[in-house]
Q: 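Please find one structure pasted underneath; my questions will follow.
Remember, it's a predicted structure, so these values are computed and weren't measured experimentally.
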Amino acid sequence: MRISLELVLPANYRVGDILAFHGRDSEQVSERCVMPVETLSQSLPSTLEKALIWEGYPACLGIQFNGQTATVVLDLDMSLAQSSRAKHAAQWQVNLQAMVRRMLGLNQDVEAFLFQYCEHPQLGGLLQQRPNLRVPLSVNPFEALCWAVTGQQISVAAAVSIRRRFIQLLGCLHSSGLRCHPSVEQVAASELAVLCNVGLSKTKAQTLIFLAQALACGQLKLPQSDDQLLDHVSAETLRRQLLGIRGIGPWTVNYVLLRGFAYLDGSLHGDVAVRRNLQLLLARHDKISELETQQWLAQFSPWRALVAAHLWMLA
C-alpha cells in the first residue's frame, strides 16, 4: 500500500541539514540519503528514505526534494485488499503530512527568531550565516528518546555504531532492504543482556527497557503534537516525568524535547559541543562552564535550543 503527498518548502530551504541528520550512519541500515552533485546541465533531486513502523506495519518513508517542493511517499508492507485497516488511508495521509512537516522543521518560526536577534552583538553574525536554519527532528519521539539515552557521554561515532547494532538486533526488515527502528513494544520485550550486547551500558539498557515498558502500559504518556510545537506547560510536565526516571538527566530531557517535539526553548548548556562552540563565538581563551553557558542562553528564551542548534553548526 502506498500513501503520497506533496509539500511546499520555504525559500532557501536547507535540505543538506536534514540529510546530514538522518544520514549519520554511513552503512545506511535504517536510512538512505542521497544529495547529488549539481552539474552544469541539470540538478538532480536529493532524497531521503527511512524505514519505520507505521500503525504496526513496516514502512519506508521516501522524501524527494526538488526545488521548492518535497514529494512524500510512504510504502507500507501490507496489502490494500488484505487489511481492513486500509480504510483509514485518508486519515493516515493527514497524519503523514503532519509528521513530515514536523520532521522537516516546517512548523518552526525561524523568521521571527531571525528578526528578533539578527542584530544581536554576539549571535547576530552567526544567524546571518545560516538565516534559514531549522532543527531536523526524529521521525517520532520514541526514536529521539532512544538516541538521546544511547548518546549520553559518548562520541557521536560511538553512538551511531551502537544505534546501528540496536536496529539490526530488534528492527524488522522492510521490503526496501532498510530496517525499521525498533518499536516501543519490541524494546519493552527485550532482555537486558541482549541490549548490553549491542554496546549499551547496563544503566542505559535498563533505562531504555523501563522507558519502553512505561510507554507500553500507559504509565508514561508522550504528548501528541505532530501538527504544532510543544507548548511550555506540556514540555514542563514531560520534563518532570522524564527526570524522575533513573538514567535520565537534564541534557537528555532537553535533547528529547528538541529532537522529538520541536520544543525550541530547552537549555542545552550541558552539551559539550554547545559550550565549546560558544567559547569560539565569544573568542574566549578559557573554557566556558555549564553555568556560564546556561546564563548566556537564558537571554534567548524561548529560543534557547534553536540558539544551541546554530552553535552546533559553528564548527
Q: Once rounded to the nearest 0.5 Å, what's the spacing between atom CG of Leu281 and atom CD1 of Ile288?
A: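 Atom-to-atom, Leu281:CG and Ile288:CD1 are 8.5 Å apart.
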Q: Closer than 3.5 angstrom, by distance alone: can the side chain of Ser161 be matched with the main-chain N or O of Ala158 as a donor-acceptor pair?
A: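 Flag not set: sc Ser161 to bb Ala158 has no pair under 3.5 Å.
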Q: Step by step, would you call Arg32 with Glu27 a salt bridge (Lys or Arg N to Asp or Glu O under 4.0 Å)?
A: CA-CA 9 Å; Arg32 292 192 193 107; Glu27 295 191 20; over 6 Å; no
Q: For Phe21, enumerate each residue passing the ring-ring contact (aromatic ring centres under 6.0 Å, His included) test, keeping only those at least two apart in sequence or located in another chain.
A: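 Phe21: no ring-ring contact (aromatic ring centres under 6.0 Å, His included) contacts found.
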Q: Applying ring-ring contact (aromatic ring centres under 6.0 Å, His included), which residue pairs with at least one partner in residues 184-215 are found, sequence neighbours left out?
A: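 Residue pairs passing ring-ring contact (aromatic ring centres under 6.0 Å, His included), neighbours aside: none found.
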Q: Do Gln219 and Gln213 have side-chain heavy atoms sitting under 4.5 Å apart?
A: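 A side-chain contact is absent here, since even the closest heavy-atom pair is not under 4.5 Å.
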Q: Please answer whether the main-chain N or O of Ser267 pairs with a side-chain N or O of His269 as donor and acceptor at a distance below 3.5 Å.
A: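 Pair found, side chain donor or acceptor close to backbone of Ser267.
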Q: Any side-chain to backbone donor/acceptor pair from Arg130 onto Met313? Under 3.5 Å, distance only.
A: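 Yes; judged by distance alone, with no hydrogens or angles, the pair exists.
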Q: Go through Trp54 and Asn95 one step at a time and tell me if the side chain to side chain donor-acceptor pair (under 3.5 Å) criterion holds.
A: CA-CA 10 Å; Trp54 180 272; Asn95 296 346; over 6 Å; no
Q: If hydrophobic clusters are built from ILVMFWY residues whose side chains come within less than 4.5 Å, do Leu211 and Leu257 share one?
A: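 Yes; tracing contacts between hydrophobic side chains, which count when under 4.5 Å, links both residues.
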Q: Please step through side chain to side chain donor-acceptor pair (under 3.5 Å) for the pair Asp231 and Ser234, ending with a clear verdict.
A: CA-CA 6 Å; Asp231 61 41; Ser234 298; 3.0 Å; yes
Q: Go through Asn254 and Arg239 one step at a time and tell me if the side chain to side chain donor-acceptor pair (under 3.5 Å) criterion holds.
A: CA-CA 8 Å; Asn254 285 319; Arg239 185 191 304 279; 2.7 Å; yes
Q: Is Val94 linked to Met103 within one hydrophobic cluster, defined over Ile, Leu, Val, Met, Phe, Trp and Tyr using a side-chain heavy-atom separation of less than 4.5 Å?
A: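 No, Val94 does not connect to Met103 through the hydrophobic network.
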Q: Can you list the residues that meet the side-chain contact (heavy atoms from CB on, under 4.5 Å) rule with Leu106, with sequence neighbours excluded?
A: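 Only Leu7, Leu9, Pro10, Tyr13, Arg101, Leu104 meet the side-chain contact (heavy atoms from CB on, under 4.5 Å) criterion with Leu106.
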Q: Heavy-atom distance under 4.5 Å between the side chains of Leu76 and Ile3, does that happen here?
A: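 In short, these two side chains touch, coming nearer than 4.5 Å.
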Q: Using salt bridge (Lys or Arg N to Asp or Glu O under 4.0 Å) as the criterion, point out the one residue from Arg179, Lys50, Arg164 that pairs with Glu31.
A: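 Only match with Glu31 under salt bridge (Lys or Arg N to Asp or Glu O under 4.0 Å): Lys50.
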Q: Do Thr71 and Ser4 touch side chain to side chain, with heavy atoms closer than 4.5 Å?
A: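 Contact flag for Thr71/Ser4 side chains = no.
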Q: If every non-hydrogen atom of Thr150 is compared with every non-hydrogen atom of Ala159, which pair is closest and at what distance?
A: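 Of all heavy-atom pairs spanning Thr150 and Ala159, the closest is CG2-O, 3.9 Å.
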Q: Just wondering, are more than 12 heavy atoms of other shown residues or ligands nearer than 6.0 Å to CZ in Arg2?
A: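 Atom CZ in Arg2 is not crowded, with 12 or fewer foreign heavy atoms closer than 6.0 Å.
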Q: Check whether any side-chain heavy atom of Gln64 lies under 4.5 Å from a side-chain heavy atom of Val73, and answer yes or no.
A: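 Gln64 vs Val73: side chains apart.
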Q: Any sub-3.5 Å donor-acceptor pair from Thr207's side-chain atoms to Thr203's backbone N or O?
A: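 Confirmed, Thr207 side chain pairs with Thr203 backbone.
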Q: Are Glu292 and Lys287 ion-paired here, with the side-chain N under 4.0 Å from a carboxylate O?
A: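 No, Glu292 and Lys287 are not salt-bridged.
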Q: Roughly how far apart are Leu268 CG and Leu311 CG, rounded to 0.5 Å?
A: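 It comes to 10.0 Å.
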Q: Taking the six-membered ring of Trp296 as reference, does the cationic atom of Arg304 (NZ for Lys, CZ for Arg) lie under 6.0 Å from its centre and within 45° of its axis?
A: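 No.
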Q: Does one hydrophobic cluster hold both Trp251 and Val272, with members joined at side-chain heavy-atom distances below 4.5 Å?
A: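 As far as the 4.5 Å side-chain criterion goes, Val272 and Trp251 are not connected within one cluster.
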Q: Between Glu111 and Arg134, does any side-chain N to carboxylate O distance fall below 4.0 Å?
A: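 Yes, charged N to carboxylate O under 4.0 Å.
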Q: Quick one: sort the Tyr263 and His232 rings into parallel, tilted or perpendicular, breaks at 30° and 60°.
A: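 Ring orientation, 0 to 90° scale: tilted.
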Q: Which distance, rounded to the nearest 0.5 Å, do you find between the CG of Leu133 and the CD of Gln108?
A: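 Reported value, rounded in 0.5 Å steps: 8.5 Å.
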Q: Is Gln28 atom CD crowded by more than 12 heavy atoms from other residues, nucleotides or ligands, each under 6.0 Å away?
A: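 Yes - once you tally the heavy atoms of other residues, nucleotides and ligands closer than 6.0 Å, there are more than 12.
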Q: Looking at side-chain heavy atoms only, is the closest gap between Val187 and Phe142 below 4.5 Å?
A: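 A side-chain contact under 4.5 Å exists here.
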Q: Should Glu49 and Ser176 be marked as a side chain to side chain donor-acceptor pair (under 3.5 Å) after you check the CA-CA gap, both sets of side-chain angles, and the distance that decides it?
A: CA-CA 9 Å; Glu49 293 179 280; Ser176 63; 5.8 Å; no
Q: Do Val15 and Leu61 land in one hydrophobic cluster if side-chain heavy atoms of ILVMFWY residues count as linked below 4.5 Å?
A: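 Yes; Leu61 is reachable from Val15 via cluster members.
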Q: Check the orientation of Phe113 and Trp303. Use parallel for under 30°, tilted for 30 to 60°, and perpendicular for over 60°.
A: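 Phe113 and Trp303: tilted rings.
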Q: Would Leu74 and Cys60 count as a side-chain contact (heavy atoms from CB on, under 4.5 Å) if you check the C-alpha gap in whole Å, the side-chain angles of each, and the deciding distance to 0.1 Å?
A: CA-CA 6 Å; Leu74 185 72; Cys60 183; over 6 Å; no
Q: Kindly work out whether a path of hydrophobic side-chain contacts (I/L/V/M/F/W/Y, heavy atoms less than 4.5 Å apart) joins Ile63 to Leu178.
A: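 No: no chain of side-chain contacts under 4.5 Å links Ile63 to Leu178.
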Q: Can Leu243 and Val253 be said to form a side-chain contact (heavy atoms from CB on, under 4.5 Å), step by step?
A: CA-CA 7 Å; Leu243 287 175; Val253 173; 3.7 Å; yes
Q: Please determine whether side-chain contact (heavy atoms from CB on, under 4.5 Å) holds for the pair Ser190 and Leu170, giving the CA-CA distance in whole Å, both sets of side-chain angles, and the decisive distance to 0.1 Å.
A: CA-CA 8 Å; Ser190 300; Leu170 297 180; 3.3 Å; yes
Q: Taking Gln186 for its side chain and Ser183 for its backbone only, find out whether a donor-acceptor pair lies under 3.5 Å.
A: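 Side chain of Gln186 to backbone of Ser183, a donor-acceptor pair under 3.5 Å: yes, one is there.
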